[in-house]
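Data block below; observations after.
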Amino acid sequence: MLRFSNAFYSRRGMALSQQRPVWTIVLIGWVLLIIVVCSVPWWVEAPQWGRVRWVPLLDVVRSPHWLLRDTVANCLLYIPLGVAYARVRVAHGLTLMCEAAIVGLLLSMSCELYQVFSPVRFPSMTDVLMNTIGAFAGAAMGSRSVARPEKAS
């Protein structure tokens, strides 16, 4: 009887080795989504370094209404990246969260570098900071869900 009950896993109670390929697809898909969202429209011109907002959070203080919304959206966009990264990696704790933050930082810096060449986008270090925080927070959430899997009944 025990053998029969172990043959069926709930979605949350699946073995981690069985969940990893699904989370790998989610991670790759989310990275592609971020690249698309951060690079639209797709045309480039000469680099416009004068439009870069170099000091993080200063632009939010100067114009808090719509930039605060944009700042929160940037953080929320990278939380699923951190969760998926935590579900794919076997590391735990602070190491995992720092790795996810570095992945988020590198992806965010790549997107912001592209925006330097876009005539309609405004690269900002606030975006990089919030994206990195979002990836870190997502990894923290993802590592907690891996550390405490639900018991299959």
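Computed from a predicted model, the values in this text were never measured in an experiment. Along the sequence shown, residues carry numbers from 1.
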Checklist entry - Is Met109 linked to Phe122 within one hydrophobic cluster, defined over Ile, Leu, Val, Met, Phe, Trp and Tyr using a side-chain heavy-atom separation of less than 4.5 Å? => result no
Checklist outcome for this item: Separation between CZ (Arg51) and OG (Ser124), nearest 0.5 Å, reads 12.5 Å
Next on the checklist: In the structure I gave you, are the side-chain heavy atoms of Cys111 and Ile34 within less than 4.5 Å of one another anywhere?
Outcome noted: yes
Item to check | Minimum heavy-atom distance Pro41-Tyr114, with the two atoms named | outcome: O-OH, 3.2 Å
Next on the checklist: Is there a continuous path of hydrophobic side-chain contacts, each under 4.5 Å between heavy atoms, that joins Leu113 to Trp42?
Outcome noted: yes
Checklist entry - Does the Gln115 side chain pair with the main chain of Cys38, one donor and one acceptor, at a distance under 3.5 Å? => result yes
Item to check | In one Ile/Leu/Val/Met/Phe/Trp/Tyr side-chain cluster, 4.5 Å: Phe117, Val52 | outcome: yes
Next on the checklist: Determine whether Val60 and Met130 satisfy the following criterion, side-chain contact (heavy atoms from CB on, under 4.5 Å), listing intermediate values before the conclusion.
Outcome noted: CA-CA 12 Å; Val60 177; Met130 296 312 293; over 6 Å; no
Item to check | Rounded distance (nearest 0.5 Å) linking atom CG of Leu106 with atom OG1 of Thr132 | outcome: 8.5 Å
Checklist entry - At what distance, to the nearest 0.5 angstrom, does CH2 of Trp54 lie from CH2 of Trp49? => result 5.5 Å
Next on the checklist: Please give me the minimum heavy-atom distance between Glu112 and Pro123, naming the atom from each residue.
Outcome noted: OE1-CA, 3.0 Å
Checklist entry - Under a single-linkage definition using a 4.5 Å side-chain heavy-atom cutoff for Ile, Leu, Val, Met, Phe, Trp and Tyr, are Val44 and Val37 assigned to the same hydrophobic cluster? => result no
Item to check | Student check: side-chain heavy atoms of Arg89 and Val103 closer than 4.5 Å | outcome: no
Item to check | Minimal non-hydrogen separation, Ala140 against Met97, with atom names | outcome: CB-SD, 3.3 Å
Next on the checklist: With a 3.5 Å distance limit and no angle check, can you tell me whether Arg121 reaches the backbone of Val40 through a side-chain donor-acceptor pair?
Outcome noted: yes
Item to check | Under the side-chain contact (heavy atoms from CB on, under 4.5 Å) test, residues paired with Thr24 that sit two or more places apart | outcome: Arg20, Ile28, Val88
Item to check | Where Thr126 and Val55 come nearest, the two heavy atoms and their spacing | outcome: OG1-O, 4.1 Å
Checklist outcome for this item: Here the gap from Phe136 atom CZ to Asn131 atom CG, rounded to the nearest 0.5 Å, amounts to 15.0 Å
Checklist outcome for this item: Ala86 and Ala139 have their tightest heavy-atom pair at CB-O, 3.7 Å
Next on the checklist: I need the Thr71 OG1 to Leu129 CG distance, nearest 0.5 Å.
Outcome noted: 9.0 Å
Checklist entry - So does Met125 have more than 12 non-hydrogen atoms from other groups sitting under 6.0 Å from CE? => result yes
Next on the checklist: Once side-chain contact (heavy atoms from CB on, under 4.5 Å) is applied, do any residues pair with Val61, and if so which ones, sequence neighbours excluded?
Outcome noted: none
Going by atom type alone, with no hydrogens or angles, which donor-acceptor pairs under 3.5 Å involve a side-chain atom of residues 72-83 and a protein atom two or more places apart or on another chain?
residue	atom	partner	partner atom	Å
Asn74	ND2	Asp70	O	3.0
Asn74	ND2	Asp127	OD1	2.9

Checklist entry - Between Val31 and Leu105, is there a shared hydrophobic cluster once you connect ILVMFWY residues whose side-chain heavy atoms come closer than 4.5 Å? => result no
Checklist entry - Roughly how far apart are Ile25 CD1 and Trp30 CH2, rounded to 0.5 Å? => result 15.5 Å
